[in-house]
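Only one structure is covered here, and it is reproduced in the block below.
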Amino acid sequence: MVQGSLPTDAPGPRPGRLKVFLGAAPGVGKTYRMLDEGRRRARRGTDVVVAFAECHRRPHTEAMLDGLEAVPRARRSYRGTAHTELDLDAVLARRPDVALVDELAHTNVPGVRNVKRWQDIEELLAAGIDVVTTVNIQHLESLNDVVQKITDVPQRETVPDEVVRRAHQIELVDMPPEALRRRMAHGNIYAPEKIDAALSHYFRIGNLTALRELALLWVAERVDETLQRYRAEHGIGGVWETRERIVVALTGGPEGETLIRRAARITARSSGELLAVHVTRSDGLAGASPAALARQRRLVESLGGTYHTVVGDHVPSALLDFARAENATQLVVGVSRRGLLPRFSRGVGETTVALSGDIDVHMVTHERAGQGRALPASRRDLSSARRIGGPVTGLLVPVLLTLLLRNVSGPLDLNLTSETLLFLLAVVGVACIGGVLSALLASVAASLLLNYAFVPPVDRFTIDEANNVLAVVVFAVVAATVAAVVDRSLRLSRRAASATAEAETLSSLAGGILRGEHDVPVLLERTRETFGMESAELRARGTDAGRAADPEGVRAELTVPIGADGELVLRGRALPATERRVLTAFAAHLTAAVEHARLAEAVAEVEPVKAADRMRTALLAAVSHDLRTPLAGSWAAISSLRSREVEFSEADREELLATAEESLVKLNRLVDNLLDMSRIHAGALTLHLQPTGLAGVLALALDTLPESPAVPVVSHELEGVPDVLADPPLLERVVANLVANATRHSPPDRPVTVAASVLAARVELRVIDRGPGISPADLERAFAPFQRLGDTDNTTGLGLGLAISRGLTEAMGGTLTPEDTPGGGLTMVVSLPAARTPAEDVLA
């Protein structure tokens with residue numbers, strides 16, 4: 001069971017809570033479980049009503065209705081058939097504590113206030129009524145195309161995933177495929193006459209197994225989201241091994257592909273999740289090859305994993321922080337590329353193992369192990385050990401060097417110059433270890449010891465010759481100067497490396513934006529991962545997030561302004577100043593993304609208004625221009641007939657009447673086209689879909705043409721194809737428009753061919769002409785309203801025929817696409833769904 005929460009910051013009563021029973025296929029027992037839940041709550045004293053329950057005449061399910069109050073359904077008439085729907089107003093007026101509403105993805109009969117039942121449920125929840133409902137996995141919008149590929153049956157009723165995700169509880173109603181088929185065979189799901197068709201088509205073992213896996217995985221993802229939210233809200237940093245997550249650490253080196261494949265094999269064996277992470281640091285990874293990282297990212301994604309980039313001062317800690325934030329159970333790192341000689345300290349892998357705690361670390365060997373140069377040591381701010389050890393070294397090294405030289409200077413015959421240079425080298429070494437202050441201390445100690453032990457007279461702090469005085473003074477100055485220069489050089493090197501790391505992080509962010517990652521949630525997740533935080537969210541400035549205070553002060557909260565009235569809230573570790581600079585750039589991108597989302601929403605609201613305005617302008621232009629000719633012709637003919645000044649013969653009267661009739665017929669056709677175009681654009685077209693034969697449609701379409709076509713029309717293979725699911729009068733209009741357009745452009749000696757064929761679960765009708773055709777650049781422009789594409793005769797219509805044909809076809813769930821006719825000409829392809837077979841009626 002997955003538990004979530006609905007927004008509760010809106011004023012007024014508490015919104016109702018939604019519970020969803022999710023099943024893999026019809027017949028697993030969702031409605032039974034929903035009614036059982038209602039009976040259980042009613043026994044506890046809760047006011048429960050059955051708002052809508054579809055029992056499909058199953059006795060065991062119908063028995064669960066006993067003892068539950070049912071709200072009478074609303075009756076609607078559609079296409080001459082009586083239907084019953086959820087009476088939303090009656091349930092709102094009854095106002096129970098809990099309403100049981102079956103079939104979340106159901107499409108309501110036209111005429112009901114809401115198109116979909118999930119929209120009815122949204123109103124119940126907004127009124128403070130808890131709702132228990134049911135849905136099958138094939139009705140989720142994100143899985144619609146996947147289910148169609150598995151079952152070869154299109155699902156026309158879908159519900160947005162977000163509606164189900166927002167549910168307070170999601171409970172999976174599971175049943176093994178074999179048990180479900182036994183229920184089917186025993187007659188517990190469908191009527192006896194439908195059992196064989198169902199078992200041999202939709203309810204095959206393979207189909208049911210795949211649907212069951214989809215349902216289990218979808219619910220598992222929701223469970224994982226809930227667990228991560230709980231861990232973040234309660235500040236839980238330890239690893240909970242609820243699901244294997246394998247993190248592979250990438251440096252951008254040549255061993256990366258070996259590590260990725262090794263981690264992928266571990267993931268496959270454990271049925272876990274693969275995450276690759278690259279730590280951007282300022283002491284060595286700044287030189288990582290962007291091309292190598294890009295190749296490794298593509299490899300990770302091709303193996304089903306995800307790629308992440310984080311910033312960390314200390315690579316092992318950054319890796320482990322990321323792994324714990326993602327609740328990872330295993331970490332894969334490569335054996336160090338450093339050779340054996342320069343290994344004076346533990347590498348990243350050894351340090352990671354020492355700090356890993358409850359995370360298993362795999363040290364994977366590779367062909368480059370032990371063959372590389374020494375990796376640069378971390379040289380950010382001095383550690384505590386170096387701050388203490390630097391001054392101690394500054395005192396001990398000159399003393400030890402003095403003792404060493406006192407013992408070997410005689411045999412080696414070293415003079416004062418050589419001894420001075422050796423002391424200078426020691427001071428430079430101290431500067432590299434402890435910084436400039438330690439080097440200054442070492443230079444003072446070295447000057448004194450050099451005077452005492454090696455400048456005559458020895459073993460005394462006195463100098464006999466002026467040259468030796470100058471030598472000691474110059475030594476002290478040079479030592480201090482060299483120490484300062486070395487220290488400054490190291491600090492500048494660290495700054496340059498840090499700037500390179502920041503640039504790499506910003507480059508990764510820019511690359512994500514160029515790949516289309518404009519959504520605010522995506523950028524928030526990238527920000528959280530990059531800085532290794534526990535959570536990242538946007539909220540209105542000045543509001544309280546409502547989280548409990550951290551008594552130990554471990555979880556810091558950082559806010560960054562976003563736009564004029566928002567702020568980015570990060571929770572987790574405290575960020576140093578260098579990372580805050582990078583965070584400012586992330587905040588700027590988030591500000592732009594928020595503004596982009598607002599502008600997109602505004603554009604979406606304005607676009608229908610602009611489209612309607614364009615349509616009105618075009619209609620007015622058409623009325624003022626193209627309707628003038630038939631109006632003028634009919635008006636002139638009728639005025640002449642009514643005139644008493646001229647005596648017309650019978651033949652003249654017939655000709656004038658024929659002219660008036662022809663003009664009025666054209667006028668009526670033009671007005672019908674304008675009205676159809678308006679209905680299509682407004683979405684107010686009424687459909688009556690039913691099985692329709694193409695041969696009969698073509699015959700009626702030819703009869704409705706205003707005049708007999710000058711070019712013959714030949715049909716081919718229309719009788720042998722299945723019926724299509726369409727509105728017969730509208731399909732006649734489509735075929736008539738396409739045939740009229742084809743005969744208008746086809747040569748008199750080349751007939752227009754109308755043919756049909758079957759492709760998967762659809763029927764394709766082709767209207768083929770041998771005319772001049774259309775250039776590729778104008779194929780889509782031909783479907784624009786009021787477009788004639790070079791016609792010189794503006795009296796033949798408004799240029800709406802193809803636009804109306806496409807609009808009517810798409811309204812019936814089909815497509816209309818143009819193709820080049822082989823050998824010259826144009827072919828219009830109408831693709832419509834085939835009428836349901838008996839096997840598909842099982843799912844209706």
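The structure presented is a predicted model; accordingly, all values stated were derived computationally and were not measured.
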Could you tell me if the side chain of L355 sits less than 4.5 Å from the side chain of S317, heavy atoms only? yes
Determine, stepwise, if the pair L320 / R324 fulfils side-chain contact (heavy atoms from CB on, under 4.5 Å). CA-CA 6 Å; L320 293 170; R324 292 190 176 97; 3.4 Å; yes
Treating E273 as the side-chain partner and T306 as the backbone partner, does any N or O pair qualify as donor plus acceptor under 3.5 Å? no
Within this structure, what is the CG-CD1 distance for the pair L275 and I246, rounded to the nearest 0.5 Å? 8.5 Å
Given L538 and E567, is the side-chain contact (heavy atoms from CB on, under 4.5 Å) satisfied, shown in steps? CA-CA 6 Å; L538 288 179; E567 59 185 8; over 6 Å; no
Donor-acceptor contact present, side-chain T329 to main-chain R245, <3.5 Å: yes
side-chain contact (heavy atoms from CB on, under 4.5 Å), that's the test. Do I260 and Q296 meet it? Break it down for me. CA-CA 8 Å; I260 292 170; Q296 292 168 13; 3.7 Å; yes
From L449 CG over to T402 OG1, what is the distance, rounded to the nearest 0.5 angstrom? 4.0 Å
So, D161 side chain and S142 main chain: donor-acceptor pair closer than 3.5 Å or not? yes
Show, in sequence, the C-alpha distance, side-chain angles and deciding distance for E141 and T158, and conclude whether the side chain to side chain donor-acceptor pair (under 3.5 Å) test is met. CA-CA 5 Å; E141 183 66 45; T158 60; 2.7 Å; yes
Heavy atoms of T251 and L293 approach each other most closely as C-CD2, 4.4 Å
Minimum heavy-atom distance V247-A328, with the two atoms named: CG2-CB, 3.5 Å
Side chains of L524 and L568: closer than 4.5 Å at any heavy-atom pair? yes
Taking the side chain as everything from C-beta on, heavy atoms only, tell me whether E257 gets closer than 4.5 Å to L299. yes
Give the intermediate values and the outcome of side-chain contact (heavy atoms from CB on, under 4.5 Å) for residues V399 and L401. CA-CA 5 Å; V399 173; L401 182 60; over 6 Å; no
List the atom of F423, the atom of P398, and the distance in Å for their closest heavy-atom pair. CE2-O, 3.7 Å
For the student: nearest non-hydrogen atoms of T258 and T365, plus distance: CG2-O, 4.4 Å
Inspect the surroundings of CD in E301 and state if more than 12 heavy atoms from other residues, nucleotides or ligands are less than 6.0 Å away. yes
Specify the closest pair of heavy atoms between T151 and L211, including all atoms of both residues, with the distance to one decimal. CG2-CD1, 4.4 Å
Sequence neighbours excluded, which residues qualify as ring pair (Phe, Tyr, Trp, His ring centres under 6.0 Å) partners of H308? F322
Flag side-chain contact, heavy atom, 4.5 Å: T352 against L331: yes
Distance, nearest 0.5 Å, that separates CD1 of I266 from NE2 of H362: 4.0 Å
If you measure from CE on M363 to CG on L259, what distance do you get to the nearest 0.5 Å? 10.0 Å
Atom pair CD1/CD of I150 and E213 - distance to nearest 0.5 Å: 8.5 Å
Nearest heavy atoms of A24 and I137, plus distance in Å: O-CG2, 3.5 Å
Considering the options D360, V364, V361, which one meets the side-chain contact (heavy atoms from CB on, under 4.5 Å) requirement together with V332? V364
Distance col, row L319:CG vs H278:NE2, nearest 0.5 angstrom, shows 10.5 Å
